[in-house]
2 protein chains.
Amino acid sequence: MPMSRLKTTHDVFSAIGEPKRRLLIEQLVIKEMTVNELVDIFDWSQPTVSKHLSVLKKVKIVSERKEGRFRYYQIQPDQLRPIQEWMHQFDKYWGSTMDQLDNYLNQIQVKGKNSEQ
Amino acid sequence: MPMSRLKTTHDVFSAIGEPKRRLLIEQLVIKEMTVNELVDIFDWSQPTVSKHLSVLKKVKIVSERKEGRFRYYQIQPDQLRPIQEWMHQFDKYWGSTMDQLDNYLNQIQVKGKNSEQ
DNA sequence: TACTTTGTCAACCTTTTGGTTGAATTAATA
DNA sequence: TATTAATTCAACCAAAAGGTTGACAAAGTA
């Protein structure tokens, strides 16, 4: 009997495998949005956006907040940690220690600025 | 007419969306291997491993080195940088600055040890 | 040369994916 | 209350994914 395939959309890694879903995530990192706001930005059909959001909801990358007729979708960055952690195995290949320290210090500066808002 | 779907295996992000491919990558990070070495480790069919490797080759995450009858597959970590870079947008959500500095320093230590081998 | 080993490639099958269309649901508004 | 707006849900479709099987190719070995 043929082995049944893993349902790819039930996994954080495959959820971000889809380019449209990455674009949606990039928008929701900026701020929470409704489906139609996303439709306006990307000019995809509304059910298409809804379907991708429901995949992201299933793997908990986004959550839903109801407000009247509207549903606001917000990012849940914690759910993406497995990806970040998986990527650590390649850290040693990326740039010199000095480059990394440099990146790190720049990162702290940016963070400082953001948290002042 | 229906819009044709993007071929997901022609993209680094979707290439790592498949769990088996992630496992293959994890092995090849340790050292270059032949198909049959990977078959022995994972107990998947040989064509299955071959097919996944060919996807990884297509997106350049692994390269092939021929030696007699054997073909050694090796990881090309550079190709995974787009993922690392994409993940940066979430850095600000992950732990305190102190946690990150701590992780960073541990990382340097581990790197130092590895490079002594 | 014949056989074995290592491995790909092509063909096929089933399930999943991503998309569409249209009906249903829920909440605000005229 | 009827209408409009915001959105999901179900049904359907074509293409792609992942797996298998079997044929083939290339390199070493008896």
A.B. asks: If you compare all heavy atoms of A:Gln79 against all heavy atoms of A:Val12, which two are closest, and at what distance to 0.1 Å?
C.D. replies: O-CG1, 3.5 Å
A.B. asks: Measure from CD on B:Glu18 to C1' on C:dT15 and round the result to the nearest Å.
C.D. replies: 13 Å
A.B. asks: I need the CG-C1' distance between B:Asp11 and D:dA16, as an integer number of Å.
C.D. replies: 14 Å
A.B. asks: When you measure from the side-chain N and O atoms of A:Thr48 to the phosphate of C:dT20, is any distance below 4.0 Å, counting only OP1 and OP2?
C.D. replies: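 So the side chain of A:Thr48 is within the cut-off, an N or O lying under 4.0 Å from OP1 or OP2 of C:dT20.
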A.B. asks: Of the listed nucleotides (D:dA5, C:dT5, D:dT7), which one gets closest to any side-chain atom of A:Arg69?
C.D. replies: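 Given the options D:dA5, C:dT5, D:dT7, the side chain of A:Arg69 is closest to D:dA5.
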A.B. asks: Which of parallel (below 30°), tilted (30 to 60°) and perpendicular (above 60°) describes A:Phe42 and A:Trp44?
C.D. replies: parallel
A.B. asks: Answer yes or no: is there a side-chain heavy-atom contact under 4.5 Å between B:Ile75 and B:Glu32?
C.D. replies: no
A.B. asks: Return no unless some side-chain N or O of A:Ser45 is found under 4.0 Å from OP1 or OP2 of C:dT20.
C.D. replies: yes
A.B. asks: Taking atom P of C:dT6 as reference, at what distance in whole Å does atom CZ of B:Arg65 sit?
C.D. replies: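 One finds 16 Å between P of C:dT6 and CZ of B:Arg65, rounded.
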A.B. asks: In whole Å, I'd like the distance from the CD atom of B:Glu37 to the C1' atom of C:dG7.
C.D. replies: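 After rounding, the gap between these two atoms is 13 Å.
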A.B. asks: OP1 or OP2 of C:dT5 versus the side-chain N and O atoms of B:Asn36: is any pair under 4.0 Å?
C.D. replies: no
A.B. asks: Does B:Lys20 make a side-chain N or O approach to OP1 or OP2 of D:dG19 shorter than 4.0 Å?
C.D. replies: yes
A.B. asks: Which residue lies toward the 5' end of DNA chain C, A:Gly68 or B:Lys57, if each is placed at its nearest nucleotide?
C.D. replies: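 In this pair, the answer is B:Lys57.
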A.B. asks: Considering only heavy atoms from C-beta outward, does the side chain of A:Tyr73 approach that of A:Leu24 to under 4.5 Å?
C.D. replies: no
A.B. asks: What is the separation between atom CG on B:Leu53 and atom C1' on C:dC9, rounded to the nearest whole Å?
C.D. replies: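 Atom CG in B:Leu53 sits about 14 Å away from atom C1' in C:dC9.
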A.B. asks: Rounding to a whole Å, what distance do you find between A:Trp44:CH2 and D:dT7:C1'?
C.D. replies: 17 Å
A.B. asks: Is any side-chain nitrogen or oxygen of A:His52 closer than 4.0 Å to OP1 or OP2 of C:dT17?
C.D. replies: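 No, A:His52 has no side-chain N/O under 4.0 Å of OP1/OP2 on C:dT17.
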A.B. asks: With respect to the side chain of A:Gln46, which nucleotide from D:dT7, D:dG18, C:dG7 is positioned closest?
C.D. replies: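 Side chain of A:Gln46 sits closest to D:dT7.
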A.B. asks: On DNA chain D, compare the nucleotides closest to A:Lys51 and A:Arg71; which residue's is nearer the 5' end?
C.D. replies: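 Nearest nucleotide further toward 5': that of A:Arg71.
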A.B. asks: Please figure out whether B:Val35 or A:Arg21 has its closest DNA chain C nucleotide nearer the 5' end.
C.D. replies: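 Closest to the 5' end, via its nearest nucleotide, is B:Val35.
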A.B. asks: Take atom CZ of A:Phe70 and atom C1' of C:dA28, then tell me their distance rounded to the nearest Å.
C.D. replies: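 The answer, rounded to whole Å, is 9 Å.
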A.B. asks: Is the closest basic N to carboxylate O distance between B:Asp11 and B:Lys58 below 4.0 Å?
C.D. replies: no
A.B. asks: Roughly how many Å is it from CD in A:Glu64 to P in C:dT26, rounded to a whole number?
C.D. replies: 13 Å
A.B. asks: Return the nearest nucleotide to the side chain of B:Pro47; candidates are C:dG7, C:dC9, D:dC9.
C.D. replies: C:dC9
A.B. asks: Looking across every strand, which nucleic acid part, if any, lies under 4.0 Å from B:Thr34 by heavy atom: base, sugar-phosphate, or nothing?
C.D. replies: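 The residue B:Thr34 makes sugar-phosphate contact but no base contact.
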